[in-house]
Every structure is written in structure tokens, then in C-alpha cells.
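Notes for the one structure printed next.
Side chains are part of it too, since the values below use all heavy atoms of this structure and drop only hydrogens, waters and symmetry mates. Proteins come first, then strands; the chains are lettered A, B, ... in the order of their sequence lines, and each starts at number 1. Model, not experiment: these values are computed from the prediction.
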Amino acid sequence: MTNDNNAELTGFAALGISGQLLKATHAAGFTQPKPIQEQAIPAQIEGRDILGIAQTGSGKTAAFALPILSKIIGLGTRRRPKTARALILAPTRELAVQIEETIKVLAKGAHISTALVLGGVSRHSQVKRIAPGVDFLIATPGRLTDLVREKDLVLSETTWLVLDEADRMLDMGFINDVRRIAKATHPARQTALFSATMPDEIAELAKGLLRDPVRVEVAPQGTTATEIKQSVVFARTKQKRQVLSKMLADEAMRSVIVFARTKHGADRVTRDLERDGFEAAVIHGNKSQNARQKALNGFRDGSVRILVATDIAARGIDVPGISHVVNFDLPDEAESYVHRIGRTGRNGQDGVAVTLVDPSENAKLRQVERIIRMKLPVLADHLDQPDPQPKPRQPNGERRLEAANDHESGRQQGKPRNVNAGARKHQGNGPKGAKPAGGRPSGRQEWSEQASAPRPGGQNKPEGAKPRKFRRRPRKPAARAA
DNA sequence: AAAAAAC
């Protein structure tokens with residue numbers, strides 16, 4: 001109702017943000033609300049639940065943080081020990097760190113406490129931090145579950161719950177943890193769920209957790225930003241290193257993420273790049289949290305131009321100004337391609353995505369092309385070259401990466417020979433992606449959820465817990481199916 | 001088979 005009198009208000013003020021919070025929002029460079037913010041902020045201020053379909057970079061964090069902040073700011077600093085007023089759940093540690101940073105910036109000048117709860121770093125300091133109670137808790141599911149089970153954290157007072165990148169939490173097998181966590185929060189909570197895609201499991205989860213949600217959708221799934229110029233380069237695995245180094249010699253590649261399929265592969269690419277005289281940082285799940293953060297910081301502040309990463313960075317990592325994404329390998333999940341290249345071309349800036357494709361990856365390439373509903377133009381084809389030829393002939397050599405299209409015009413829909421060859425080769429393959437049938441990850445141990453119903457068995461649950469509801473596991477009748 | 005995430 002206040003807005004009726006404020007028709008002249010614009011920007012975030014018109015969405016219901018005011019006072020110090022509005023000031024900090026502006027100071028942080030948020031002046032023009034993004035579509036998702038325009039839709040989600042007023043609804044949440046009214047108390048509505050949100051079902052958001054949006055990628056990172058769409059402005060999600062401010063979309064859920066601002067309305068919660070605007071309410072928490074009025075609540076004063078009296079908090080129950082070991083509780084959190086708002087809980088933000090994220091799939092990866094990096095994303096959690098990022099979210100906390102954004103919230104801190106937005107909350108600047110207000111007396112808002114935040115805490116980060118994630119694995120890989122000292123548990124004790126986190127326990128100490130939440131001991132007096134906090135306003136915002138940003139967490140990954142593993143450590144959060146740990147703290148709740150050990151009663152270092154109590155969620156019953158949590159009246160705001162945000163699930164970020166819910167589809168990814170599903171992929172990572174967190175869905176049951178998420179359910180359990182949600183169940184432990186205040187029953188009258190306000191909930192927002194964000195997901196880049198909406199598979200059935202997520203729709204079902206949303207149905208269980210959200211009450212009459214406002215549906216907010218910003219970019220149709222499966223589409224890639226038009227500002228990203230995509231292309232492929234055919235090169236055999238052995239040639240890729242050299243091809244990559246040649247590419248990186250182009251100084252138009254100011255800020256580059258190179259994606260590898262495996263952790264080992266990421267390390268190898270990094271080593272090769274360094275051997276070729278490039279400075280590169282690497283990030284993957286086998287690195288310590290410290291090393292991961294350092295790599296990311298160096299890349300973000302521009303001191304390192306090249307970041308080599310596994311799919312840990314495919315989603316969620318929000319580094320502005322990334323000029324190029326190079327897929328050294330195609331991802332196993334075709335969907336991942338969309339997320340990877342989405343690291344560039346943000347905020348209306350141009351981006352370039354180049355994918356190196358070995359003939360053995362042709363099947364994956366076709367999957368990707370199906371998902372993005374376009375055929376990727378071929379920027380270069382090194383497959384004709386005999387294997388170990390260090391100096392590739394280069395008629396007009398280094399063509400700008402931006403000139404992604406001319407090669408294609410030569411081929412038009414003439415299907416590059418090599419693609420066909422590969423396609424044939426892969427045709428005989430069995431039903432790919434055959435999922436493990438029964439699929440239910442079988443709920444893990446429950447924490448103290450049963451606390452109200454004292455377990456007759458006494459202490460914990462060693463092997464003795466017979467009534468394991470989900471424990472059937474009727475050994476496969478036909479084990480030969482393998 | 002890979003990646004992420006709790007010790």
C-alpha cells in the first residue's frame with residue numbers, strides 16, 4: 001500500500017527497498033533492477049514464496065537477499081543462541097562464499113550478522129560464530145547437516161529458507177538432505193527455491209516445500225545467451241594442448257576459463273600451459289578450500305588471466321568480464337555445456353566459447369547441439385594433420401576467434417566429414433545414459449529429527465537398526481544383466 | 001565414469 005503513494009519511485013525503491021538498505025544497494029552498484037529482481041522482490045516482501053527459474057548471473061542473490069534483509073533489519077539484534085533467522089542453502093562451497101559476500105555488501109551499514117557453514121575449513125570457528133545466533137546462515141548441505149546433528153545449530157527458528165541451484169543439489173544427491181533440512185526449519189517459514197532447470201524431481205520438491213509460490217522465470221532453459229559466440233575446433237586429444245596454447249597467444253583472450261572433464265585433466269592442462277609459458281590457476285574438488293579460494297580470487301582480480309577448472313566452476317561462479325570459455329573437453333553431461341559457456345557473455349558483454357573436439361567426442365557434441373538447438377560452426381579443423389606435426393601450416397593462420405562463421409559458410413549444412421565419421425562410429429553404442437533404474441538414493445541416516453520420539457534402542461544407530469524402512473535392497477534377481 | 005559435498 002505504501003507504493004500507491006510512491007508512483008514516482010524508481011528502481012529498487014519502487015520494489016519496496018528503502019533506507020540504509022537502498023543506499024547500500026546503490027553503493028554496491030545495483031541501480032537498475034534486473035527482471036528477476038523486479039518480479040521476486042515485491043512478492044517476497046508481501047510474504048509470498050518464490051519458485052524461480054534462473055541461472056546464476058541473473059541477479060538471483062539480490063533477488064532473495066534484499067527482501068529478507070529488509071525484514072530482518074527491523075528485528076533487532078536479539079537472537080536465540082545457535083539459531084539462524086535465514087538459511088541459504090547452496091550446492092557448492094564457492095557459491096556459498098559468493099552469496100555471503102553479496103549479502104554482506106548489501107547489508108553494509110546495517111547490523112546484520114552472517115555466517116558461512118561449509119566443509120573443508122575449520123568446523124570449530126563456524127560453531128563459535130553461530131553460537132550467539134546469526135541473521136543469515138549460508139551453507140552447503142554436508143557441513144550443515146553435521147552441525148545440526150551435533151546440535152551446534154538449531155533450525156527451528158529459521159523463518160526464511162532459500163534453496164539456490166536446486167537442480168544441482170539434486171544432481172549431487174543432496175535432495176534428501178535438503179528435505180530433511182527444510183523440515184527442521186520453522187513450519188511457518190517463507191521459502192524461495194531457485195533452479196536453472198525444472199526436472200520432475202525439482203517440481204516435486206518445490207511442491208512439498210513451497211506454499212502457493214509466485215513463479216518467476218527469466219531465461220527459458222536450454223537457451224544460451226545470444227551474446228556468446230560459440231564454435232568448435234576439431235583437434236585430436238594429442239593436439240589439443242598445442243591448439244590451446246596457440247589460442248591463448250591471442251591477446252584478445254583477456255580472461256579465460258578452460259574447462260576440463262576431470263580433475264586430473266585439469267591439472268594436466270594447467271601443467272602444460274605453464275610449461276608453455278602461461279600463468280594459470282586451477283580449481284577443482286581435490287584442491288584444498290584455501291587453494292580453491294586463492295585460485296578464484298586471483299582470477300577474479302585479474303592477476304591470473306587463465307583459470308583451468310572442472311565442472312565445479314560450470315555453474316554459480318560469477319566472475320564479471322570473462323571474455324572466453326574454452327572447453328578443452330566436452331562435459332559428460334550435455335547440460336553442463338550450457339552452464340559452462342554461461343560464464344562468459346554476462347551483463348550484455350560479448351563472450352566467446354570455443355570447444356575442442358576429438359573425434360571420440362562427436363556423440364557428445366551432437367547431444368550438446370541438440371540441447372542448444374543449433375549446429376555449432378566449425379572454427380578450425382586440425383584433423384587432417386598427421387599427428388605429431390609441431391608446425392601446422394597456416395594459410396591465413398590465426399583467424400580471430402570472433403570470426404567463427406566463415407569456416408562454416410564453406411561447409412554449410414554439408415556436415416563436416418569428420419562429424420559423420422564419428423557419428424557412425426558411435427552408432428552401435430547401447431542405450432546411453434541408462435540410469436541405475438531404482439534411482440532413489442535411499443535416505444541416509446537421519447539426524448535428530450526423531451528427537452521427539454526417543455529411540456527405544458538407546459544411543460545411536462549402529463548395525464542394530466532393523467526397521468530400516470528403505471533398506472530392502474532385494475539383491476538383483478538377474479545379476480548377469482551387467 | 002566424472003564431478004561435487006562431511007569428518
Side-chain angles (χ1 to χ4, degrees), chain A residues 56 88-99 116-127 130 137-153 163-181 195-196 257-269 282-293 295-296 308-317 327-340 343 360-361 363-364 367-368 426 429-436 441 443-448 460 482:
Chain A
T56 315
I88 321 295
L89 216 47
T92 66
R93 301 170 187 169
E94 275 70 22
L95 183 55
V97 169
Q98 237 169 241
I99 292 171
L116 209 44
V117 160
L118 36 75
V121 292
S122 152
R123 188 183 182 288
H124 179 64
S125 56
Q126 294 172 358
V127 170
I130 55 181
L137 188 63
I138 303 95
T140 51
R143 179 63 63 86
L144 184 82
T145 300
D146 178 12
L147 294 191
V148 173
R149 198 195 314 113
E150 300 300 322
K151 303 227 179 2
D152 289 313
L153 170 66
L163 307 177
D164 204 0
E165 308 255 359
D167 50 350
R168 197 168 185 207
M169 293 204 265
L170 172 74
D171 290 345
M172 289 164 67
F174 285 147
I175 197 88
N176 285 325
D177 300 72
V178 169
R179 282 212 173 86
R180 201 171 333 128
I181 289 165
S195 192
I257 294 196
V258 180
F259 281 105
R261 195 177 58 90
T262 64
K263 294 183 269 203
H264 184 65
D267 281 333
R268 198 172 45 230
V269 169
V282 62
I283 183 169
H284 60 61
N286 275 2
K287 294 281 181 188
S288 74
Q289 196 53 36
N290 209 311
R292 282 156 64 165
Q293 201 57 47
L296 205 50
V308 183
T310 58
D311 278 335
I312 189 179
R315 302 199 202 190
I317 301 295
N327 293 309
F328 193 84
D329 309 299
L330 274 161
D332 282 324
E333 278 308 325
E335 182 71 26
S336 220
Y337 173 88
V338 179
H339 297 297
R340 285 181 176 187
R343 299 311 99 203
S360 68
E361 297 175 294
K364 284 184 196 165
Q367 283 179 29
V368 165
H426 280 82
N429 280 355
K432 143 145 214 204
K435 292 258 156 87
R444 299 204 284 213
Q445 77 280 34
E446 320 221 324
W447 62 43
S448 51
N460 22 20

> Under 3.5 Å, is there a donor-acceptor pair between the N286(A) and H264(A) side chains?
Replying inline: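 There is no such pair between these side chains.
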May I have the distance from [X] (atom [atom1]) to [N] (atom [atom2]), rounded to whole angstrom?
X	N	atom1	atom2	result
L147(A)	dA5(B)	CG	P	16 Å
Y337(A)	dA2(B)	OH	C1'	20 Å
M172(A)	dA4(B)	CE	C1'	3 Å
L144(A)	dA4(B)	CG	P	21 Å
R340(A)	dA3(B)	CZ	P	11 Å
M169(A)	dA6(B)	CE	P	12 Å
I283(A)	dA3(B)	CD1	P	14 Å
I181(A)	dA5(B)	CD1	P	15 Å

>> Under 4.0 Å from OP1 or OP2 of dA4(B): is there any side-chain N or O of R292(A) that close?
In response: no
> Taking only side-chain nitrogens and oxygens of T310(A), does any of them come within less than 4.0 Å of OP1 or OP2 of dA2(B)?
Replying inline: no
From the set [options], return the single nucleotide nearest to any side-chain atom of [X].
X	options	answer
R261(A)	dA6(B), dA4(B), dA2(B)	dA2(B)
T140(A)	dA2(B), dA4(B), dA6(B)	dA6(B)
T92(A)	dA4(B), dA6(B), dA2(B)	dA4(B)
D146(A)	dA3(B), dA6(B), dA1(B)	dA6(B)

>> So, under a plain 3.5 Å distance rule, would you say the side chain of R168(A) forms a donor-acceptor pair with the base of dA5(B)?
In response: no
> How far apart are the C-alpha atoms of V127(A) and R123(A), what are their side-chain angles, what is the distance that settles it, and do they pass the side-chain contact (heavy atoms from CB on, under 4.5 Å) test?
Replying inline: CA-CA 6 Å; V127(A) 170; R123(A) 188 183 182 288; 3.6 Å; yes
> Heavy atoms, side chains only, cut-off 4.5 Å: are D311(A) and F259(A) in contact?
Replying inline: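 D311(A) reaches F259(A) side chain to side chain.
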>> Taking any heavy-atom pair under 4.0 Å as a contact, classify R315(A): base, sugar-phosphate, or nothing.
In response: nothing
> So what does R93(A) hit on the nucleic acid, given a heavy-atom distance under 4.0 Å: a base, only sugar-phosphate, or nothing?
Replying inline: sugar-phosphate
>> Could you work out, with side chain to side chain donor-acceptor pair (under 3.5 Å) as the rule, every residue matching S125(A), not counting sequence neighbours?
In response: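 For S125(A) the side chain to side chain donor-acceptor pair (under 3.5 Å) partners, ignoring immediate neighbours, are S122(A).
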>> Checking D164(A) now: which residues fulfil side chain to side chain donor-acceptor pair (under 3.5 Å) with it, not counting sequence neighbours?
In response: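 D164(A) satisfies side chain to side chain donor-acceptor pair (under 3.5 Å) with K60(A) once adjacent residues are dropped.
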